[in-house]
Amino acid sequence: MKTISLCMIVKDEEEILEQCLRSVESVCDEIIILDTGSKDNTKAIASSYTSKVYDFEWIEDFSAARNKAFSYATKDFIMWLDADDILLPEDMEKLKELKKELHDGIDAVSMYYHTAFDEQGNPTFKYRRNRLVKRSNQFKWFGVVHEYLQVGGNIIPSQIAVTHRKYEKNNTSNKGDRNLKIYERQLEKGKAFTPRDMFYYANELKDHGRIDEAITYYQRFLNTKQGWVEDEIRACIYMADCFKAKQESDKELEALLQTLKFDLPRPEVSCRVGDHFKENGLFKKANIWYAFALTLEPENDSGFTNTAFSTWYPHLQMCYCNWQLGNKKDAYHNHVITKKYNPTNSQVLHNEKFFQRLDKEELK
């Protein structure tokens, strides 16, 4: 059976590190923790799981830290996680089965990354990341922030999911504008941004309310025509968010429709276009786009997926639109479907009370 090294970089993660390590320790043959300057109890917690805890002087370069952590690995395959990640028991069992099947012909294994959840804890936003790589290939990390692991060869898409639990950490004070500052210091040094850097810098600007600057960098990124198609689509969607914040509705719609230049229509975009028409009282047009979203299925699952936009969300909005159009039976039908998917959603509960007051015969 092949062996696995878990490699992590950490700093001030005493609140969450143990739940991460506890969730995966039974499948890992080696645990390597690279500490980049913790001032809390992080290193002591790490030391209770492994003797391989190393210090690394932080140089504002996440790839340098991850590559250093990888350099300490001695096992056949390397797996990486962040401290706010865990494997749920069912995914741990899948990983144990995968470990039995690992062989030299496998170069990397991708896993789902679940980063957002509904009220029941079901994942609503997911994408794939290469999580397990063959050590002898010496794959490297690139990018000072929002780093990525460049892999090639035979990449196996597994059904294992890594669950992100950032919301369980209270102390996030040291990370609020960390990435933004790293990017801006890179600019001050005259570093030329790659297309990927432009995209992620734009994201940081948007998240910090610097909307006009974000739009500029999204446009610069798109103008390079060198980005990953999924990032190009997200750039358009995030530009639409920016224009929405500026209350520029027409430009918001233009940004959403620009996604069609890059790939097949996505459910999220279709719903957002529906939202545009709904907010402008054009309920028939809105219904067309919401119904369209329900017909769209990605050709692969390597991109970013928000399941709400292909399940309950279109029905929730069509419920409102159909009611406004006088289509009471259709509105109730949409509500029933929405309730099946998301029964505890506040809007669904509001609609349930509304429909309970009506004559059910009128809705059949």
Side-chain angles (χ1 to χ4, degrees), residues 114-126 206 211 233-234 236-260 263-298 303-364:
H114 292 167
T115 61
F117 308 87
D118 63 19
E119 290 88 343
Q120 292 80 44
N122 301 309
T124 58
F125 193 83
K126 64 180 181 179
K206 177 180 73 71
I211 301 301
I233 290 170
R234 296 315 300 180
C236 295
I237 293 172
Y238 293 154
M239 267 204 305
D241 292 338
C242 292
F243 286 123
K244 187 177 181 69
K246 289 165 62 70
Q247 297 183 325
E248 296 183 15
S249 178
D250 289 343
K251 289 185 177 180
E252 177 193 0
L253 179 60
E254 289 173 10
L256 291 169
L257 294 177
Q258 191 176 351
T259 63
L260 302 179
D263 200 10
L264 297 173
R266 302 297 168 86
E268 180 174 358
V269 172
S270 186
C271 285
R272 289 284 300 272
V273 174
D275 291 345
H276 169 84
F277 290 121
K278 171 175 169 282
E279 290 164 8
N280 286 280
L282 301 171
F283 301 118
K284 286 186 178 180
K285 283 188 177 181
N287 266 353
I288 291 171
W289 285 92
Y290 291 132
F292 186 39
L294 293 168
T295 70
L296 301 174
E297 294 184 6
F304 302 103
T305 303
N306 189 325
T307 57
F309 294 115
S310 57
T311 54
W312 63 270
Y313 185 84
H315 284 288
L316 177 67
Q317 302 307 325
M318 284 194 290
C319 174
Y320 178 84
C321 292
N322 277 321
W323 187 266
Q324 294 299 319
L325 291 167
N327 303 328
K328 296 182 179 180
K329 293 180 180 179
D330 290 337
Y332 182 65
H333 173 71
N334 293 134
H335 169 65
V336 170
I337 295 175
T338 308
K339 186 172 69 170
K340 180 181 71 173
Y341 280 112
N342 201 348
T344 61
N345 177 273
S346 59
Q347 291 177 278
V348 174
L349 293 172
H350 172 81
N351 290 346
E352 178 70 6
K353 290 181 180 178
F354 174 79
F355 283 114
Q356 284 178 347
R357 295 195 297 266
L358 300 179
D359 182 358
K360 293 297 185 293
E361 291 300 318
E362 186 180 3
L363 302 174
K364 290 182 178 179

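Only a predicted model underlies this, so the values are computations on that prediction, with no experimental measurement involved.
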Please report the shortest heavy-atom distance between T344 and L349, naming the atom on each side.
-> O-CD1, 3.6 Å
From the list W323, F355, Y341, ring pair (Phe, Tyr, Trp, His ring centres under 6.0 Å) with H335 holds only for F355
Could you please spell out the steps behind the side chain to side chain contact (heavy atoms under 4.5 Å, CB included) verdict for N351 and L316?
-> CA-CA 9 Å; N351 290 346; L316 177 67; 3.6 Å; yes
Point-to-point distance, once rounded to the nearest 0.5 Å, from NZ of K244 to CG of L256 | 9.5 Å
Could you tell me whether the side chain of K251 reaches within less than 4.5 Å of the side chain of K246, counting heavy atoms only?
-> no
Decide yes or no on side chain to side chain contact (heavy atoms under 4.5 Å, CB included) for Q324 and K278, but give the supporting numbers first.
-> CA-CA 10 Å; Q324 294 299 319; K278 171 175 169 282; over 6 Å; no
List the atom of L296, the atom of R266, and the distance in Å for their closest heavy-atom pair.
-> CD1-C, 3.7 Å
Looking only at atom types and distance, does a side-chain atom of N345 sit under 3.5 Å from a main-chain N or O of Q347, one as donor and one as acceptor?
-> yes
Nearest heavy atoms of A293 and P267, plus distance in Å = CB-O, 3.8 Å
Mark yes or no for whether S270, through its side chain, and W289, through its backbone, hold a donor-acceptor pair below 3.5 Å.
-> yes
SG on C319 to CG on N287, rounded to 0.5 Å | 10.5 Å
For the student: nearest non-hydrogen atoms of P343 and V348, plus distance = O-CG1, 4.3 Å
Can you tell me how far CE of M318 sits from NE2 of H333, rounded to the nearest 0.5 angstrom?
-> 8.0 Å
Closest approach of E252 to A240 (non-hydrogen atoms, all atoms of both residues) | CG-O, 3.4 Å
Look at the side chain of N280 and the backbone N and O of H276, then say whether any donor-acceptor pair between them is shorter than 3.5 Å.
-> yes
Between the CZ atom in F309 and the CZ atom in F125, the distance rounded to the nearest 0.5 Å is 9.5 Å
Rounded distance [0.5 Å steps], CZ in F243 versus CD in E248 = 6.0 Å
Heavy atoms, side chains only, cut-off 4.5 Å: are Y290 and N334 in contact?
-> no
Determine whether the side chains of E352 and Q356 contain a donor N or O and an acceptor N or O closer than 3.5 Å.
-> yes
Do R234 and E268 pass the side chain to side chain contact (heavy atoms under 4.5 Å, CB included) test, and can you show the C-alpha distance, the side-chain angles, and the key distance before you say yes or no?
-> CA-CA 10 Å; R234 296 315 300 180; E268 180 174 358; 2.8 Å; yes
T259 and C236 have their tightest heavy-atom pair at CG2-CB, 3.3 Å
May I ask you to decide if the ring planes of F117 and H114 are parallel, tilted or perpendicular, using 30° and 60° as cut-offs?
-> perpendicular
Could you tell me whether the side chain of T124 and the main chain of A116 form a donor-acceptor pair under 3.5 Å?
-> yes
Derivation of the side chain to side chain contact (heavy atoms under 4.5 Å, CB included) call for D330 and L325 = CA-CA 10 Å; D330 290 337; L325 291 167; over 6 Å; no
Gap between atom CD1 of I211 and atom CG of D241 - 0.5 Å precision = 8.5 Å
Which of D275, T338, L294 passes side chain to side chain contact (heavy atoms under 4.5 Å, CB included) with Y313? Answer is D275
